[in-house]
Each structure stands twice: as structure tokens, then as C-alpha cells.
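Scroll down for the structure; my scribbles are underneath it.
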Amino acid sequence: MVKDTIVSGFQNAAHRSLYHALGLTKEELDRPLIGIVSSYNEIVPGHMNIDKIVEAVKLGVAMTGGTPIVFPAIAVCDGIAMGHTGMKYSLITRDMIADSTEAMALAHGFDGLVMVPNCDKNVPGLLMAAARVNLPAIFVSGGPMLAGHIDGKKTSLSSMFEAVGAYSAGKIDEARLSLCEEKTCPTCGSCSGMYTANSMNCLTEVLGMGLSGNGTIPAVYSARIELAKHAGMQIMELVKKDIRPRDIITKDAIINALTADMALGCSTNSMLHLPAIANECGIKWDLEAANAISERTPNLCHLAPAGPTYMEDLNEAGGVYAVLKELSGLGLLNTEVLTCTGKTLGENIAAASNLDETVIRKPANAFSKTGGIAVLKGNLAPDGCVVKRSAVAPEMLVHSGPARVFDSEEDAIAAIYGGKIHKGDVVIIRYEGPAGGPGMREMLSPTSAIAGIGLDKDVALITDGRFSGATRGAAIGHISPEAARGGTIAYVKEGDMISIDIPNYKIDLCVSAEELEARRENTVLKKKTGIKGSLARYAQTVSSADKGAIINEFLG
């Protein structure tokens, strides 16, 4: 066992004395040491129940002969960080989480790890760490929030952000806004739609790193505690059989995850996180390959914000495994891949069934024949950009309009709320990319403002930043190269015509090549001032979005 290198033998007596200082007995030190990475805190709603999950994991580990030892991971609530400078710190925590977990796991000689994340960056950050340290590992999340209820209808955080736009436009009054505020988020858990946290927790099941129900069992259900105990038990089997993350997260598993992503209608942020996870596994990522997978994968689910169903509904309909069963029936998955159960994916989903075809549609009745995400290319994004097309109104799938150009999210929001954006416009928000932001902020506030004032079927938004999974509408992000690195988006002028053709995967700035070259020669790229600390380091080392905003690209 790994821990024997620091626990066994006379030469490690000093190390053992420090374990005894923790109150650990000789009997406990003779067992496998299982690190439990807890992202519990009292500021993120999706993490406030993780202390209960961790206690259940500890019981599961102890019941099967292991010694559980807890250490922490940080977390940022994207909803609370949204729309201000705090959002600059969201994406960068993914790498902080991976780095700190690597340090803790390898410095202390754990034999296995149970990762307990929930909200947006903890899941991919811990998946990256698991692949990097390659110790036996399993995931159990804190679980999704239940949907809110207003006027007999379910609601979620995306509706709350849109309510702010509706209030600004005079469509609802203060009393209605307050009602929405009080009723939208009724329980702890990751926000109740198919947003980034729930997308990644669902994809953890597909990747084979989490047990069935990890992505969908609500945070407040007792079944979540049972799942955590089973995860604690199962890590001992993984240690015993020496099954490691890189045995599980293979290229075929990544393709399975991207396929399921298309069927579920996941957040566009998965197009940042899957390549970063693949990178840790030494798997080459081709952003444009997503379109080939999308072309053959039907979109079977329209969870909020794309539709009226929520994570609790997906859970009752059979969960992620039921979706995988539908995809398997079409021959779209490699079912021979190994999973954390010690069985193949095919064995895991053999007994799954679709219990509600209004939530998980049959392929013959799919919402669309193609998947939920599309990668667009053209002179505006030579290296690609991403749109959640399952959340785009049909009338906006093909659109041309004049550019309304803003060099920050704040300026764009002020213009939207100020009534300066009109039908047909294409809002451009630049210098918000991984390096230019820095931190690649989510643009939920401006997209929600557009939807809230009723322009989501008339206005497109394009950015080198990214979007929350709660975003809906013609929201096109991850423009690569970004403005700060000399991408075409830096040279767009107010009033330029922008052409968007999502079905044909195209996005273009409608100016001649000669004009564009002249602009490149005569434009000085903008640089943010006063950037210090972790943001400054991130800006210097982060890759473009099409590579997953990884930070080791320039480090050799």
C-alpha cells in the first residue's frame, strides 16, 4: 500500500508519532488510509450539506476496513460570484482545487481517495486531480437542489436572474421580485436545472467515476446518504483491486461523456472541463470533434433552462443510466469501458429503464436529431466557439445583425438595462477570456437581462468569456482566440454585421480579409491594469478556451 512508505518500518517511527498525535491507533494505521476530499463550507448552497455526506462516506470506509481521513477543497458559488469581479475567481479555482488536492494526496501517502464535490469547479477540479495523482478514487457529490415552486409551477435560479431583467423592464413589480427571491431556491444542493454543477456530476457517472444516482439524487433525499456510504464501501474495493482513474477515464470514456452531454443538453462549460480532464489523462482533445458526435446523437432531455423539467424529474425518470440505456440502444456508446463499480458500463446500465418519456424522450421523439452543443468556426472564431443550441430559440439558429461592442461585462449590462439594445442586435462582450478577463467570467447576468426584457428570441450574445449552464438563448461563448491574444473579436467595430449559422456550424464577421488585416495593424490590444496575485499568474499561463483553459500548456 502507498501509506506503507510513510507508516511502516522503524525508519518511519517519527511519521507514526504524528499520526498518533491525530488520535489514530495502531489498528487504524494497519488499514488502508483513505483520503476524503471535502468541499464543505457555509457559503455555497450546494456544499452546506457535504458535512453529512462526508460522515456517511467515513462510515462506509470504516465498515469495510479502511481508515478515513478528511481534508478540504475550496469552492466558489458561481451564482453569488456572478456579475462582478468575484466571477474572475471561479474558473481559476478549478486548477487551485486540482493542485491542492494533488499536494495533500501525495504528501500524506493515501491509498485511495473519495472526492466529495458538488458545485461548478469542484467536480472538474477533483476529476483532474484524480487523473493526475492516479490513486484509486471514487466520487459522490452533494446532490442537486429541489426546484422552487411559484404559482404552481417549478422554477430555478435561471428564472431568478431573468426576473431581475423583467423587473428592470417594468414587467414585474417589487412584490413579485421578492416572491421569486424567496421561493426560487428552496433547499440546499446544486441549483436545480441542468447547469454546470449538475452537468458535471451527471458526466461523472458516464465517465465511470461515480455510482448510479451521483448526478441526480436530490441533496435532501436520504438516498443521497446511502449513496455516500456505498461510495465509501466501494473505494475499498478499488484499492483492493488496484483500479485507478486512468484505467477508467480512457478516450472511449471521454467520448461516451461527450455523447451523453449531447443527449442531456449539458452546460457549455463541459466543453472547458472535459478537455482539461482529458489533458490530465494524456488524451488528445479535438474541439471540433464534438460536432461529429452531435450529428449522430439525439437531444433527449430539455431540463431547465432549456425546458420545464428539473434534476428531480430526471432522477425519477431513471436518472443518467436511463439516458445511457437509450443511447446504448442506438449503438452510440462504448459499453465495454471499465467503471468504479468494477464492472463495465454495459453491465451497470443493463437493468436501467426509462420511466418517464416526457423527461427522457425516446430517440424517435427526440427534441432534435442532433445534440445539445455545437462548435462554430469562421473568421470570428478561427479556433472555434461553443453554443448550447438546445437552449436556442428556433428563430435564432440562423441570424445576422449589427454588432454592439463592449469591452467588459459591466458595460454590456448597463447598456441592456439602459434600453440601448434592440431587436436584431448582436451583443459582443470581449476581453473576458481566460487571459483577458482574466478568469473567463460567466455571462449569466447579461443573457438573463436580455431574456428578462423579452429579447432572447431577437438578440444574440457573443463573447470570449463563458456562460453559466443557466443561460438560454443565442449565447455563443469561448471565442478562440480571445481578444487579449489577438483574436478577431478584438477587431470588431460597432455596427459590423455578424453572421451566425448554428446548423452549419458557422460564425463570421462580415468584413473583407483586407479590412480585417488593416484593423489588426492599426489596433492596440487592451490590457487590464492592476491585476495581481493568482489572477496575474493565471493570465500568464492559461491556454485558450478551445484547449480547455488549461494552465500547463506553456509550462512544457
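The structure displayed is predicted, hence computed values, not measured ones.
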Please report, to 0.1 Å, the donor-acceptor pairs under 3.5 Å made by any side chain of residues 459-467, with sequence neighbours excluded.
unit_1, atom_1, unit_2, atom_2, d
Thr463, OG1, Ile429, O, 2.8
Thr463, OG1, Gly465, N, 2.8
Asp464, OD1, Tyr431, N, 3.4
Asp464, OD1, Glu432, N, 3.0
Asp464, OD1, Gly433, N, 3.4
Asp464, OD2, Tyr431, N, 3.2
Asp464, OD2, Ala483, N, 2.9
Arg466, NE, Met440, O, 2.6
Arg466, NH1, Asn269, OD1, 3.1
Arg466, NH1, Glu442, OE2, 2.8
Arg466, NH2, Ser90, OG, 3.2

Tell me whether Asn198 contacts the main-chain N or O of Gly193 through its side chain, where contact means a donor paired with an acceptor under 3.5 Å.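 Judged by distance alone, yes, a pair lies under 3.5 Å.
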Is there a donor-acceptor pair closer than 3.5 Å between any side-chain N or O of Ser159 and the backbone N or O of Thr155?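 It does not hold such a pair.
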Side chain to side chain contact (heavy atoms under 4.5 Å, CB included) partner of Trp285, the single match among Ile277, Ile550, Asp546, Leu274: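 Among Ile277, Ile550, Asp546, Leu274, the one that satisfies the side chain to side chain contact (heavy atoms under 4.5 Å, CB included) with Trp285 is Leu274.
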Leu333 and side chain to side chain contact (heavy atoms under 4.5 Å, CB included): which single residue from Ile255, Leu324, Val206 fits?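 One option only clears the test, and that one is Leu324.
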Any donor-acceptor pair under 3.5 Å linking the side-chain atoms of Ser448 with those of Arg472?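 Per modelled atom types, Arg472 and Ser448 side chains form no pair under 3.5 Å.
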Give a yes or no on this: more than 12 heavy atoms of other residues, nucleotides or ligands lie within 6.0 Å of atom NZ of Lys528.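 Atom NZ in Lys528 is crowded, with more than 12 foreign heavy atoms closer than 6.0 Å.
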CE of Met96: more than 12 outside heavy atoms within 6.0 angstrom?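 Counting other residues, nucleotides and ligands, CE of Met96 exceeds 12 neighbours.
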Residues in side chain to side chain contact (heavy atoms under 4.5 Å, CB included) with Ala75, at least two apart?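 By the side chain to side chain contact (heavy atoms under 4.5 Å, CB included) rule, Ala75 matches Asn41, Val44, His47, Asn122.
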Minimum heavy-atom separation for Arg441 and Thr85, please, with both atom names.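 What the structure gives for the nearest pair is NH1-N, 4.0 Å.
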Determine the minimum heavy-atom distance between Ile80 and His84, stating which atoms define it.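 Looking at all heavy atoms of both residues, the closest pair is O-NE2, 2.9 Å.
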Going from CD1 on Ile453 to CD on Glu162, what distance comes out if it is rounded to the nearest 0.5 angstrom?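 Reported value, rounded in 0.5 Å steps: 11.5 Å.
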CG of Asp356 to CZ of Arg361: how many Å apart, nearest 0.5 Å?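 Spacing of CG (Asp356) from CZ (Arg361) equals 11.5 Å.
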Face-on cation placement of Arg430 at Phe406 ring, 6.0 Å and 45° thresholds: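 Checked: cation-pi criterion not met.
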